[in-house]
Number of protein chains: 2
Amino acid sequence: MATIRQVADIAGVSVATVSRTLQQPERVSPKTRARVTSAIEQTGYKPNLMAVKFRSGKTHSLVVLVPTIANLFFARVINGMQEAAAERGYSLLLGNTQGNPELEAEYVKLVQTSQADGVIQLRAHNPFASMNADAGALLPMVNACEVLESTAFPTVTLDNQRAAKSMTEYLLSLGHTRIGLIKGPNSSPLTQERLRGYQQALASANIPFDDALLFDGDFTLQSGFDAAKKMLTQPDRPTALFCENDETAIGAMQALKQAGLRIPDDVSVAGFDDIAFSGYADPPLTTIAQPAEEFGHTAVSLLVDVLNGKIKKAPRVIMPHELVVRDSTGPAPTTCI
Amino acid sequence: MATIRQVADIAGVSVATVSRTLQQPERVSPKTRARVTSAIEQTGYKPNLMAVKFRSGKTHSLVVLVPTIANLFFARVINGMQEAAAERGYSLLLGNTQGNPELEAEYVKLVQTSQADGVIQLRAHNPFASMNADAGALLPMVNACEVLESTAFPTVTLDNQRAAKSMTEYLLSLGHTRIGLIKGPNSSPLTQERLRGYQQALASANIPFDDALLFDGDFTLQSGFDAAKKMLTQPDRPTALFCENDETAIGAMQALKQAGLRIPDDVSVAGFDDIAFSGYADPPLTTIAQPAEEFGHTAVSLLVDVLNGKIKKAPRVIMPHELVVRDSTGPAPTTCI
DNA sequence: ACTGAAAATGTAACGGATTACATTTTACAA
DNA sequence: TTGTAAAATGTAATCCGTTACATTTTCAGT
């Protein structure tokens, strides 16, 4: 690969002139500029951006910490980040953490070792275990999607509590009074927020909270399937099932259908996220739509602002959500089965 | 951030000693080593890896060109790459190309500008348009999943033709003679290979090929839905539908069910990829399973070998596939509807 | 205590691009 | 033609860690 020096030699100028031809062409006379340009073409010279980055101290790379990209909601968010990053001249370094704090720390180290400018966290598994207390405070990081109450970082999130509340209210409005909830992993703040929304809605409707209606899940299809199976073995089975994400809901529907139940006639099922598959589920899934790509855009935009020192206080951006009613929810059956 | 020189000053040694303490501790006396280590801790010194990479000329980053990560098969492949890359000390730079050759070229440029060591392409959209002819031949690149016959790059792929053939044979063995095929994008070599396998199986069974049975798709849920709708308007409708990926199949099933058809009683549907959702579709989808994570592992492993000069000839690794029979396929109906 | 080899440590060049500052060239006015 | 400011170009320092080579220290053997 040609270097700036070779180009300079061929053009018969100094390296400074070559650099200026590229950076501020108006500062170079047209004649020289032509010679340099020709030399650049001749050699196929491309500036070694490692050198540029090294010298400038800016890598223009952002680390994205994500538990797994085999999750369609995250995939959409990352697509959004990708777009926004590309627009701003940044690349994305993908850090699949599998929820493993050690791997997380490994990726955070990329920033500490000047290999990346900042970090975006998609799931706040345990953000503080992953970094030295001292470095933590200064780390250029934003939290997206899942947010610990305590973080001092800019965040972009949903009002998960309100969203879960409105879904629960919707189910209540259909006449359901026993509403099962399939949770996400308990370690996730998001799970707690959605649970709180669910409880709030029940409380407002004066329906006592029954924790026999709570089922553990981990946002996977399988866990939804398992949770629904478990639910079916219980006496006084719920007439509606609110799942904290769509994968879980789709897994649950499968288990319910296998058991011979009709959706929504016998049981209503609702999800959260509105992934593409939800519209093609059988029946199409009622869910909460989130602007996933926008999450990505906003997160990148916030982080870049932090990097450019445009942000003093850590803002908290709340993205809008929308209740998408499809066919998986319906009026509560008049007689309990 | 502390530099090696600051550490050296604090420890009262030269920068070389600090470097050696980190790289080859046995070459430094225990006493000095202790002083240096303490200075490192004191300052929280971490080597600036941009400097290291710049000097070594190795970035230990790999670019992954992927049309979209919102595709579960790709997501699994990328997860696999991630693992393999991490094991070998590499990071992944995600390049979402949206099938856009310009964006593709943009990412390939990362290698040409020494920001990445190599490229893995997941969809051979048009690999040669994206790079200068001269640079192309030397580019450290591997092709995964989709492969142009002509490439001179190491590849890891499936025998798509054989896989499609065996799926078609399986459908034939169920008594289907009119088998529809929902294709992927025509630009994709993979589409052609699978089509060829389909044709081959028909030919072996002495069934004339009818291109009214071919439907265009683009690997999305929506395109499967649309293709199936279109199919339904045709006279002499097929009794089986082979879709070139699972998303398409799931979309198609939705359209068929909406039209009142029962699967597999009225129409059999088969997919390709075996994404997680396929097992939870209604009915669970018959498909071809691919070792997605292994694709990722192998691709990274090949690329790293190329980078280390361990590979002379471009190998072509064929991964195994498996016919997964579930409930979406069954015997051909005796009377056509 | 002295020699010599081995061990420990230091010095400085290097990688490629940028840029402050220095120098040369150009162009125009007097 | 000369002087001068502006424009063009060049020189060399800089970013930070690595490492070949140079120098100093240590220590066993005598």
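Residue numbers begin at 1 in each chain, while the letters A, B, ... track the order of the sequences.
- The nearest whole Å value for the distance from the CZ atom in A:Arg35 to the P atom in D:dA8 is 14 Å.
- In this entry the distance linking CD of A:Gln6 with C1' of C:dA17 reads 14 Å, nearest Å.
- For B:Glu83, the side chain to side chain contact (heavy atoms under 4.5 Å, CB included) partners are A:Gln98, B:His297, not counting sequence neighbours.
- Nucleotide D:dT26 holds its C1' atom 10 Å from the NZ atom of B:Lys31, rounded to whole Å.
- Remark: A:Glu293 engages A:Arg76 in a salt bridge (charged side-chain N to carboxylate O under 4.0 Å, His left out) (not counting sequence neighbours).
- Pairs of residues two or more places apart, or lying in two chains, never qualify as side-chain hydrogen bond (donor to acceptor under 3.5 Å, both in side chains) while including a residue from residues 299-308 of chain A.
- Residue-level contact check: A:Val28 touches the backbone only, with heavy atoms under 4.0 Å from sugar-phosphate atoms and none from bases.
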Counting primed atoms, P, OP1 and OP2 as sugar-phosphate and everything else as base, the B/S/- map of nucleotides 15-24 of chain D against protein heavy atoms under 4.0 Å is BBBBB-----
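- Here the options are A:Leu92, A:Leu303, A:Ile69, the test is side-chain contact (heavy atoms from CB on, under 4.5 Å), and the partner is A:Val64; only A:Leu92 passes.
- Contacts of A:Arg5 classified as side chain to side chain contact (heavy atoms under 4.5 Å, CB included), with partners at least two apart in sequence or in another chain: A:Thr3, A:Val15.
- With sequence neighbours excluded, the residues that form a side chain to side chain contact (heavy atoms under 4.5 Å, CB included) with A:Thr113 are A:Lys109, A:Gln115, B:Lys46, B:Leu49.
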